[in-house]
Amino acid sequence: MDGIEFAGRTASGKLRMSAGNSGIVLSRAEFVRQSVMLIPLTALRALPVSTPLAALVWRLTARFIPAQAAFFHSGWFAGVLSLLFSALTGLLVWLTWRWRLSGDRLHIRRGIICRRELSVHRNAVQSVETVRTPLCRLFGTAYLYIRTSDREHDRLLLPRSTAVMSAARLMPSSSGRTHNYRAESLGLWLAAMGSGGLTFVSAATPALSFMQDIAGAAFRERFNVLVQHRGIFFAGALFVLLLWSLKVIYARLNTLRMGYTASDARLLLGTNGISQRSHCISVGAICAIDTRTTLFGTVCDRHSSSILLPVNHLHSLLPPVSGRRLRIELASVSSHGRRICTVQPVSSGIRYAAGRWLMCLSALPVFSLVRRLLPSMSTTIPVIGFTAAFLLVLRALISTAHSHRSGLALFSDCCELTGTKGMSAHTLRVFRGSTALIRIRQNPLARTLGYCTLRIYPYGSKRGALSSIKLPFRRTLAVCERLM
Amino acid sequence: MACAVPQKCAPRFKTLIRMYLCVPLFLSAGFLVCAIAYLSPGAALAGGVLTAFCIAAVVFLPGMYYERRFYTRHARWLKLESGLFVRSILLVPREHVVCTRLRRGPLERILGLYTVILVTSAGRVSLPGLLREDASRLRELMEREK
């Protein structure tokens with residue numbers, strides 16, 4: 001069974017890029033409505049808004065209804081009103097939201113009070129995604145997301161085959177060789193465990209300590225045993241662990257049979273998990289590729305990569321894979337040209353991350369001081385202090401481990417900047433013409449010693465920006481001016 | 001239009017910075033007066049130190065900041081250098097400037113200065129303290145057909 005919507009699979013299991021002819025007529029002169037399933041789905045989404053509105057209407061009209069009509073004074077009537085409002089909203093949206101694909105242009109009309117119309121040429125479409133949630137699969141429909149360089153994206157709910165054919169029509173046709181890749185199971189598990197895991201645990205631990213302190217202050221007389229022996233803390237920790245395990249399993253189920261196919265004109269990413277997703281990206285719209293390595297990945301040679309499109313659209317390419325495989329995959333998407341020059345940091349190793357190591361040393365004394373000022377938070381403050389120190393040490397370790405790879409490399413068609421962001425090392429490959437802004441900063445010490453911090457912003461993506469520290473100032477400035 | 005020589009802002013920009021720095025000076029002077037009249041000698045001493053610091057800032061900072069702020073118009077990009085203690089250099093490619101805006105606050109209108117704001121896909125970049133001719137020349141360069 002194939003979960004990739006754009007095409008089927010060949011006999012050998014590879015993705016087929018071109019969709020077959022299903023006999024569906026896509027070019028239309030008139031606007032057509034979306035799938036009828038839009039009515040109940042929109043009604044469900046409108047329920048949180050329509051319920052208080054229905055309650056308000058019910059309260060306002062109650063005085064005009066005779067007392068004998070008991071049903072209209074009961075809460076059941078408010079419930080019926082709420083369902084009615086939701087259904088009406090769904091119906092109105094379905095009636096007013098229409099689309100048309102004529103020639104190479106897509107038109108979408110929507111809005112009840114404020115009418116809007118989108119008209120976009122297929123050349124301006126950067127990526128198209130089809131998503132089939134379990135409900136969609138039940139009723140044979142699919143969501144079609146259309147993304148352009150605009151910040152807003154548009155969505156249509158269509159019958160499955162219409163969605164697939166429309167998506168294939170909107171993207172450039174591929175020619176030449178294609179490369180197929182399938183994600184490894186180990187990589188998918190690592191990605192599921194790693195995604196937000198550290199943030200999750202770092203936020204939960206101080207929160208539990210805070211609860212311990214509050215409970216201790218409020219309920220010490222009643223629950224002395226529980227509070228004294230850190231019962232709440234450990235019970236909370238078990239609960240957090242359970243939540244995290246469920247999150248990991250959910251993330252893993254969402255990435256079943258993940259893979260991608262690359263050709264010269266487009267990139268096709270697909271997953272067949274709880275929701276089936278297939279994402280087609282125009283290669284010409286890619287402005288940068290971000291490769292990420294955590295501390296664990298540094299030890300085990302595991303790296304993951306993401307594609308940056310304009311307007312902050314970020315898409316994961318594949319979960320953590322080995323360095324050799326990553327180079328092969330990235331070469332299939334885009335290979336960088338001839339190397340022109342490189343700029344490496346002025347120091348490496350511990351000296352490179354000296355500032356970060358100093359921050360680690362200062363964390364515990366600072367929190368000891370805070371603990372003296374807030375004696376009631378006897379558990380929370382030390383836990384926050386140890387958590388902060390742990391994260392700072394991780395950050396310093398990753399900076400030290402990747403110090404020898406940090407820096408800027410200029411190629412004929414792109415530039416690569418390697419630095420540390422958060423708890424992982426990143427390599428950002430920005431293609432020529434996609435650099436929106438370059439910022440070079442020097443604090444007084446750096447000015448004295450002759451180095452600087454470089455930050456590159458890919459086109460339309462503040463989130464994708466990356467910094468590299470302790471680069472020689474004059475050489476960095478010269479290379480950046482050459483990049484312009 | 002494009003000129004690889006670093007260009008400074010208008011000299012009146014120093015006056016504008018001085019006017020902005022007068023606000024904390026007045027506030028600290030007010031705090032000093034209140035501290036002398038109503039609070040402890042310690043608070044008065046702190047107010048005095050703060051006021052002295054603000055006076056020094058009003059006298060010396062505008063000139064130092066003005067000397068370290070300039071921009072260079074290249075054919076395909078703009079380079080902005082600024083910063084007193086932490087030096088910052090911004091390189092803005094012309095093709096990624098979405099649009100340009102002009103801003104004039106009340107003090108800027110009194111002094112005849114303009115602030116050019118370049119809106120790029122990665123955020124906004126401000127260039128204050130320009131005369132009218134310089135601002136229009138810069139906008140023209142940025143908006144010229146790429």
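Each chain gets a letter, A, B and so on, in the order the sequences are listed, and its residues count up from 1.
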Kindly determine whether A:Ile469 and A:Tyr352 satisfy side chain to side chain contact (heavy atoms under 4.5 Å, CB included), including the steps that lead there.
CA-CA 8 Å; A:Ile469 63 173; A:Tyr352 174 78; 3.4 Å; yes
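Residue contact with chain B, scored on non-hydrogen atoms closer than 4.5 Å, involves the backbone of A:Ser434 exclusively. For A:Arg441, the parts lying under 4.5 angstrom from a heavy atom of chain B are both the backbone and the side chain. Heavy-atom distances place no part of A:Leu483 under 4.5 Å from chain B, backbone and side chain included. For chain A, the nearby part of B:Leu84 is the backbone; its heavy atoms alone come within less than 4.5 Å.
Screening A:Ile456, A:Thr427, A:Thr420, A:Leu428 for a side-chain contact (heavy atoms from CB on, under 4.5 Å) with A:Leu466, the sole residue that qualifies is A:Leu428.
B:Glu95 has no carboxylate O lying under 4.0 Å from a charged side-chain N of B:Arg76, or vice versa, which leaves the two without a salt bridge.
For the atom pair CZ of A:Arg395 and CZ of A:Arg356, the computed distance is 4.0 Å after rounding to the nearest 0.5 Å.
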